[in-house]
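The structure appears right after this line, and notes come after that.
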Amino acid sequence: MLLRLPTTLPEAQECLADGAIPVGGATLVWAAWQRDGFPEQAVSLREVPEANVLGTGELGAAVLLHRIDERVPEVLHRAASGIGTGAVRRTATVGGNVVGSTLRCLLPAALVLDARARVLAAEGPFETDLGEVLAKKPLLLSLHWDEPLVSGYRKVAEAAGGPPPLVVATAVHATGEGDRVLRIAVRDGYEFLSESVPCTAEALDALSGTAIGALPADAREVVRDQVSSALERAAGV
């Protein structure tokens, strides 16, 4: 297998046009390749500057999980720090987790940030929403978002050998009309739910009529705690 390491977007486009298979830290594909056979070409974005951004409102797809720190919102930082082991976080990438993983541990955080994705096709880079990224799995370059007022994250302790642990992510955003909106995303098993409601004392009542309000009782209790915490913290901002 030839691993290509482009240093510019045009070079990366050329790799895609030549049929190279995207690979991040290879933590998710290596075992499959060993079983099914290696592709002729693979491409990594680890040398492409646009895929390595990390700062206010942006996170590159080639960034290793262990590098995600206080420069991003709390919800994203905490989500990254709870993925796998230290060895995994020093190898796995943002793009691999969001696009290549079935667990998608970073997805709830990206959803509550209302993140947009910049992706690369053979025709060039373009911006799209997370729904298209998950459906079509293009080559992710970076995520971008408007900074929230506050955010929060909770991952319930997982039982060995059981389904993926419950994750609840929240963020409060200011709107252009001077109001505030509460965004919440839940990973329940392999299913992802997300909702947006006005950031008011009636937020929990508003959620009760949604799919999140139909979660099992123990999950609803975690949601209640996280929403209450988000409302309390937002009141002080």
Side-chain angles (χ1 to χ4, degrees), residues 56-57 59 65 68-83 94 97-98 101-117 129-135 143-159 162-237:
T56 303
L59 178 62
L65 299 182
I68 301 176
D69 54 22
E70 292 83 359
R71 285 173 285 182
V72 302
E74 177 185 344
V75 63
L76 194 52
H77 179 204
R78 291 182 61 188
S81 65
I83 295 173
V94 171
N97 185 271
V98 173
S101 170
T102 56
L103 297 179
R104 295 187 172 120
C105 300
L106 296 180
L107 181 58
L111 288 171
V112 299
L113 293 175
D114 197 23
R116 298 281 297 174
D129 58 35
L130 290 174
E132 183 170 350
V133 170
L134 300 179
L143 298 173
H144 301 263
W145 60 87
D146 293 327
E147 291 295 303
L149 299 173
V150 298
S151 65
Y153 178 87
R154 181 174 173 193
K155 180 180 181 180
V156 176
E158 55 189 303
L166 177 75
V167 166
V168 178
T170 56
V172 175
H173 297 261
T175 70
E177 292 75 30
D179 297 322
R180 293 180 174 187
V181 62
L182 169 69
R183 300 187 187 278
I184 180 168
V186 176
R187 183 185 71 186
D188 180 36
Y190 291 97
E191 184 177 7
F192 292 85
L193 307 172
S194 63
E195 297 288 346
S196 298
V197 296
C199 184
T200 67
E202 291 74 38
L204 284 168
D205 291 335
L207 287 170
S208 65
T210 70
I212 289 177
L215 288 167
D218 54 348
R220 293 200 308 272
E221 187 61 31
V222 177
V223 167
R224 177 176 295 275
D225 289 345
Q226 291 302 105
V227 168
S228 297
S229 175
L231 295 178
E232 181 179 351
R233 292 176 63 193
V237 177

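Note: hydrogens, waters and symmetry copies are ignored here, and every other heavy atom, side chains too, is used.
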query: Checking N97 side chain against C105 main chain: does a donor-acceptor pair fall under 3.5 Å?
result: yes
field: Close side-chain approach of Y190 to P164, heavy-atom, < 4.5 Å
entry: yes
query: Taking only residues two or more places apart in sequence or in another chain, which ones pass side-chain hydrogen bond (donor to acceptor under 3.5 Å, both in side chains) with E195?
result: none
message: Would you compute the distance between atom CG of L215 and atom OG1 of T210 and round it to the nearest 0.5 angstrom?
response: 8.0 Å
- line: Interatomic distance, CG@D114 vs CG@L130, rounded to 0.5 Å, equals 8.0 Å
message: Tell me which pairs pass side chain to side chain donor-acceptor pair (under 3.5 Å) where either residue lies in residues 213-223, with sequence neighbours left out.
response: none
query: Roughly how far apart are L106 CG and L143 CG, rounded to 0.5 Å?
result: 8.5 Å
message: Test of understanding: with side-chain hydrogen bond (donor to acceptor under 3.5 Å, both in side chains), list the residues that count as partners of S194, not counting sequence neighbours.
response: none
Crowding at CG, D69 (>12 non-hydrogen neighbours, <6.0 Å): yes
- line: Residues passing the side-chain hydrogen bond (donor to acceptor under 3.5 Å, both in side chains) test with T200, sequence neighbours excluded, are E202
query: How long is the span from the CZ atom in F192 to the CG atom in L107, to the nearest 0.5 Å?
result: 5.0 Å
query: Just wondering, do V167 and R154 contact through their side chains at under 4.5 Å, heavy atoms?
result: no
statement: Heavy atoms of R104 and V98 approach each other most closely as NE-O, 3.0 Å
- request: Sequence neighbours left out, what passes side-chain hydrogen bond (donor to acceptor under 3.5 Å, both in side chains) with R187? Give chain and number order.
  value: none
- request: Give the intermediate values and the outcome of side chain to side chain contact (heavy atoms under 4.5 Å, CB included) for residues V75 and T170.
  value: CA-CA 7 Å; V75 63; T170 56; over 6 Å; no
- request: Would you give the length of the straight line joining atom CG of L182 to atom CG of L204, rounded to the nearest 0.5 angstrom?
  value: 8.5 Å
field: Result of checking T56, L113, V72 against E147 for side-chain contact (heavy atoms from CB on, under 4.5 Å)
entry: T56
field: Least distance between heavy atoms, H77 atom then I68 atom
entry: CD2-O, 3.1 Å
query: So how far is it from L76 CG to W145 CH2, rounded to the nearest 0.5 Å?
result: 5.0 Å
- prompt: Is the backbone N or O of Y153 less than 3.5 Å from a side-chain atom of R78, with the two atoms forming a donor-acceptor pair by type?
  reply: yes
message: For L65 and V94: C-alpha separation, side-chain torsions, deciding distance, then whether side chain to side chain contact (heavy atoms under 4.5 Å, CB included) applies.
response: CA-CA 6 Å; L65 299 182; V94 171; 4.2 Å; yes
In a table with atom names and distances, give each donor-acceptor pair under 3.5 Å that connects a side chain of residues 228-237 to protein atoms at least two apart or in another chain.
from, atom 1, to, atom 2, distance (Å)
S228, OG, R224, O, 2.9
R233, NH1, E74, OE1, 3.3
R233, NH1, S151, O, 2.6
R233, NH2, E74, OE1, 2.9

message: Please find the pair of heavy atoms, one from V156 and one from P165, that lie closest to each other, and give the distance.
response: O-CB, 3.1 Å
message: If you compare all heavy atoms of K155 against all heavy atoms of G82, which two are closest, and at what distance to 0.1 Å?
response: NZ-O, 2.9 Å
